[in-house]
*Asks:* 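I'd like to ask some things about the structure below.
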Amino acid sequence: VTYVKFHESWENEPSTDTPITAEALDHIEEGIQDAHDAIDAIVLEAENVTIADAAGDFTATTVEGALAEIQTDVEALSARDLAIPWQIVFGAQAAESPTASFATFDVRGNGHVVLDFDASTDEYMWFRGFLPAGYAGGGVNVTLIWAATSATSGNVVWATSFEAIHVGGHDIDAEAIGTVMFATAATDSVSGDTTATTIAHAHGAEMDSPAAGSMFRLKVMRDANDGADTMTGDAELLMVVITEQ
Amino acid sequence: MARHFDGTDDAIHIPVPAGAATAYSQHGLLNIVVPPGTEMATSWEEGFNNAEHEKYLLVTNTGASHWVAFDGASRQTTPSAAAMASDTWYGQGFTQNATTLTHYFNGVAVGSVAAAGIYSLYAAPVMALGHGTANGFMTCRWAEWALWSEILTAREFAALAKGFSPLLIRPHALLRYMPLLGRITPEREYIEGLTATHVNSPVQYDHPRVIMPRDAIYLP
């Protein structure tokens with residue numbers, strides 16, 4: 001409540017226009033009391049902000065219903081709720097080599113670490129990762145960032161596949177990948193310029209049906225003996241990015 | 001930090017398994033001072049302290065290098081590699097199968113000689129960095145020495161010569177890896193945690209570039 005002064009302007013003697021009466025003094029005291037009550041009310045508001053750790057609930061209420069109650073589950077505010085897709089980024093050095101038919105490490109130009117994939121023999125590498133717990137089961141896109149060693153024309157056939165490592169349900173002594181997905185991509189007209197090739201993997205067989213919050217391996221291969229792979233020389237892979245669809 | 005060998009009496013000895021004898025490869029990064037004197041930068045000793053059976057990397061006064069295989073009766077020598085310049089890192093390695101030793105210099109096969117995979121008289125080889133059998137100490141520096149139980153390709157030797165860590169090259173076949181960082185004495189071997197034997201006091205030297213394995217990055 002807005003405080004209204006008893007007299008707008010007190011006057012000294014000999015004026016009798018503003019006498020000091022019990023009514024005037026009560027008015028002043030009530031104003032002081034109201035001010036203290038308002039201060040106390042502010043403290044009460046602060047006490048009514050709570051966070052329940054167990055449930056992740058954030059609750060804020062105000063006295064006398066001046067503001068509506070706000071309540072939300074803080075832990076549920078994941079990147080997915082904010083519509084930000086997660087990504088897993090592998091540099092060339094994150095690759096794991098099979099025992100045969102592997103791509104070889106190399107350094108390109110100004111110190112760029114790359115993996116060389118041969119032009120005539122199928123070669124591949126593994127990239128080990130962990131599917132985020134927030135994966136909603138909508139599939140992923142695999143983007144390969146690569147360049148040609150020397151070619152300025154021709155196509156590369158890339159093949160990517162997933163191997164879900166189900167806890168207690170996958171024998172790591174044997175390779176068991178999901179559906180292999182292919183993309184035929186033209187190299188850049190400048191051999192040192194990179195090309196980004198994206199291969200979509202729907203959830204299910206194309207991802208070997210992984211569970212959210214589980215381990216997987218991504219197999220990246222140049223299908224060099226495919227007739228559509230026409231680029232001469234090595235394809236140099238710089239980076240692999242998995243993005244949630 | 002690598003290790004510097006003074007050419008007088010410094011060496012580091014690394015025990016290597018006899019089981020590598022069927023087919024194996026070894027590689028390290030070598031840095032010399034020219035003229036080095038015609039000395040042995042390293043040697044693969046079978047029956048350590050016995051000069052009768054060994055394979056050693058001989059560096060001549062010009063900085064040229066070749067491997068010599070000595071079976072107790074005759075020496076077989078690979079063709080010389082291009083001369084090394086002073087204070088420059090080079091990839092030096094060899095592959096050995098049951099019959100042939102091939103020298104790789106900076107990722108290129110220089111040549112091969114007939115040599116037995118292992119000399120049957122001795123079972124437990126030692127890799128001696130900085131010298132030959134009991135002499136031939138050489139002023140040089142070694143870093144990133146490793147041994148594999150498989151035959152590496154020229155392209156893999158080329159990657160190693162460019163500084164890729166041995167941890168990135170056929171890790172399933174990596175038997176020994178000695179980074180030679182010079183931080184602790186004696187040096188520790190990476191795969192089995194073995195302790196090297198230091199002969200006198202090889203000191204620290206600036207390490208060459210090493211490209212290490214790297215994990216995935218998760219965003220956000």
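Because the structure is predicted, anything quoted here is derived from the model rather than measured.
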*Asks:* Can you give me the closest heavy-atom contact between P220(B) and P85(A), atom names plus distance?
*Replies:*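 So the two residues come closest at CD-O, 4.0 Å.
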
*Asks:* If you count every heavy atom of other residues, nucleotides or ligands that lies below 6.0 Å from I184(B) atom CD1, does the total exceed 12?
*Replies:*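 Yes, enclosed.
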
*Asks:* The criterion is salt bridge (charged side-chain N to carboxylate O under 4.0 Å, His left out); which residues satisfy it with D223(A), sequence neighbours excluded?
*Replies:*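 For D223(A), no residue satisfies salt bridge (charged side-chain N to carboxylate O under 4.0 Å, His left out) once neighbours in sequence are set aside.
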
*Asks:* Is a side-chain donor or acceptor of Y218(B) paired with a backbone partner of G129(A) at a separation under 3.5 angstrom?
*Replies:*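 Side chain of Y218(B) to backbone of G129(A), a donor-acceptor pair under 3.5 Å: no, none is there.
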
*Asks:* Is there any residue in residues 98-111 of chain A with a non-hydrogen atom under 4.5 Å from a non-hydrogen atom of chain B, and which ones are they?
*Replies:*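 Expected list: P98(A), T99(A), F102(A), T104(A), F105(A), D106(A), V107(A).
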
*Asks:* Can you name the residues of residues 159-173 of chain B that have some heavy atom under 4.5 Å away from a heavy atom in chain A?
*Replies:*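 From residues 159-173 of chain B, the residues near chain A are A159(B), K162(B), F164(B), L168(B), I169(B), R170(B), H172(B).
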
*Asks:* Take I217(B) and I88(A) through the side-chain contact (heavy atoms from CB on, under 4.5 Å) test and state the conclusion after the steps.
*Replies:* CA-CA 6 Å; I217(B) 300 168; I88(A) 307 174; over 6 Å; no

*Asks:* Is the number of heavy atoms from other residues, nucleotides or ligands within 6.0 Å of CG (D193(A)) greater than 12?
*Replies:*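 Atom CG in D193(A) is crowded, with more than 12 foreign heavy atoms closer than 6.0 Å.
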
*Asks:* Would you mind telling me which of D234(A), I242(A), V241(A), V240(A) has the largest number of heavy-atom pairs within less than 4.5 Å of chain B?
*Replies:*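 The candidate making the most pairs under 4.5 Å is D234(A).
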
*Asks:* Suppose the criterion is side-chain hydrogen bond (donor to acceptor under 3.5 Å, both in side chains): which pairs have a residue in residues 87-97 of chain A, not counting sequence neighbours?
*Replies:*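 For residues 87-97 of chain A, and leaving out neighbouring residues, the side-chain hydrogen bond (donor to acceptor under 3.5 Å, both in side chains) pairs sorted by first residue read Q87(A)-T243(A), E96(A)-R128(A).
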
